[in-house]
Amino acid sequence: LGLGESIKRDHDEYRRFFAKMAKTKPEDGQVREASLKDFMRSLYAHHEAEELTIFPKMMQILELRGLAFELQVEHANMKLLFEALSKERADTEVWRYKLAPMYDIMHAHWLKEEEDLIPFGLDYFSENEWSDFGKRFDGIAAEYLSTH
């Protein structure tokens, strides 16, 4: 897969997580906790893969540097929010409402990647580089998941 396909595949997985969690109830607390833990692990693997593959290359291109900084800061902020949520009791009515705004934050982030980066990747990188980014992204994510 090219980098765009790898990134979008994960984003779709995250969209499914939020849709599933929106349907949960307080009695689903254990499912919420387990799902959130799995989601965070996958998200952190995704972020690490982006930060080690495409972001350093974006930093070298003046037109992409600002976007790279913005996405990296958003990764750090998402981690703080999810770490805080993971410490909350998941068997409460309010848990679902604490998760909901995170979808909006992530959706805005996904749109930046899916609309501002991916369609223009080949304007800055060759097809071989873009394909290599995808392979490296998938390898880094798999390595992260096997060790965390």
Which atom of [X] lies closest to which atom of [Y], heavy atoms considered:
X	Y	answer
G134	S6	O-OG, 3.9 Å
R89	W95	O-CD1, 3.4 Å
L99	L85	CD1-CD2, 3.7 Å
L71	M58	CD1-CE, 4.4 Å
E115	P119	O-CG, 3.7 Å
R96	A22	NH1-O, 2.8 Å

>> Can you tell me which residue among F18, Y44, Y103 is in a ring-ring contact (aromatic ring centres under 6.0 Å, His included) with F39?
In response: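 Single pass found, and it is F18.
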
> Can you tell me if CD on E127 sees more than 12 non-hydrogen neighbours from other groups inside 6.0 Å?
Replying inline: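 Not more than 12 within 6.0 Å, no.
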
> Is the number of heavy atoms from other residues, nucleotides or ligands under 6.0 Å of Q30 CD greater than 12?
Replying inline: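 No, CD of Q30 has 12 or fewer neighbouring heavy atoms, counting only those of other groups under 6.0 Å.
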
Polar side-chain atom of [X] near backbone of [Y] as donor-acceptor pair, under 3.5 Å:
X	Y	answer
D38	S35	no
E5	G2	yes
S131	N128	no

Could you see if [X] belongs to whatever hydrophobic cluster contains [Y]? Use Ile, Leu, Val, Met, Phe, Trp, Tyr and a side-chain cutoff under 4.5 Å.
X	Y	value
L67	F125	yes
W110	F17	yes
M59	L52	no

> Between Y144 and H148, what is the ring plane arrangement, given parallel below 30°, perpendicular above 60°, and tilted in between?
Replying inline: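 Correct class here is parallel.
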
>> Within the 3.5 Å criterion, strictly below it, is a donor on T24 or R32 matched to an acceptor on the partner's side chain?
In response: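 T24 vs R32: donor-acceptor pair found between side chains.
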
Suppose we call two aromatic rings close when their centres sit under 6.0 Å apart. Are [X] and [Y] close by that rule?
X	Y	value
Y14	H46	yes
W130	Y124	no
H75	F55	yes

> Taking NZ, NE, NH1 and NH2 as the nitrogens, is one of them in D12 or R15 under 4.0 Å from a carboxylate oxygen of the other?
Replying inline: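 Between R15 and D12 there is a salt bridge, with a charged N closer than 4.0 Å to a carboxylate O.
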
> Considering only heavy atoms from C-beta outward, does the side chain of H109 approach that of I105 to under 4.5 Å?
Replying inline: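 They are not in contact (no side-chain heavy atoms under 4.5 Å apart), so the answer is no.
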
> So how far is it from T53 OG1 to F137 CZ, rounded to the nearest 0.5 Å?
Replying inline: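 Going from the OG1 atom of T53 to the CZ atom of F137 covers 6.5 Å.
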
>> Pair K135, D138 - check salt bridge (Lys or Arg N to Asp or Glu O under 4.0 Å), show working.
In response: CA-CA 5 Å; K135 290 175 190 158; D138 289 339; over 6 Å; no

> Hey, mind stepping through K112 and E50 against salt bridge (Lys or Arg N to Asp or Glu O under 4.0 Å) and telling me if it holds?
Replying inline: CA-CA 13 Å; K112 289 173 192 169; E50 287 178 337; over 6 Å; no

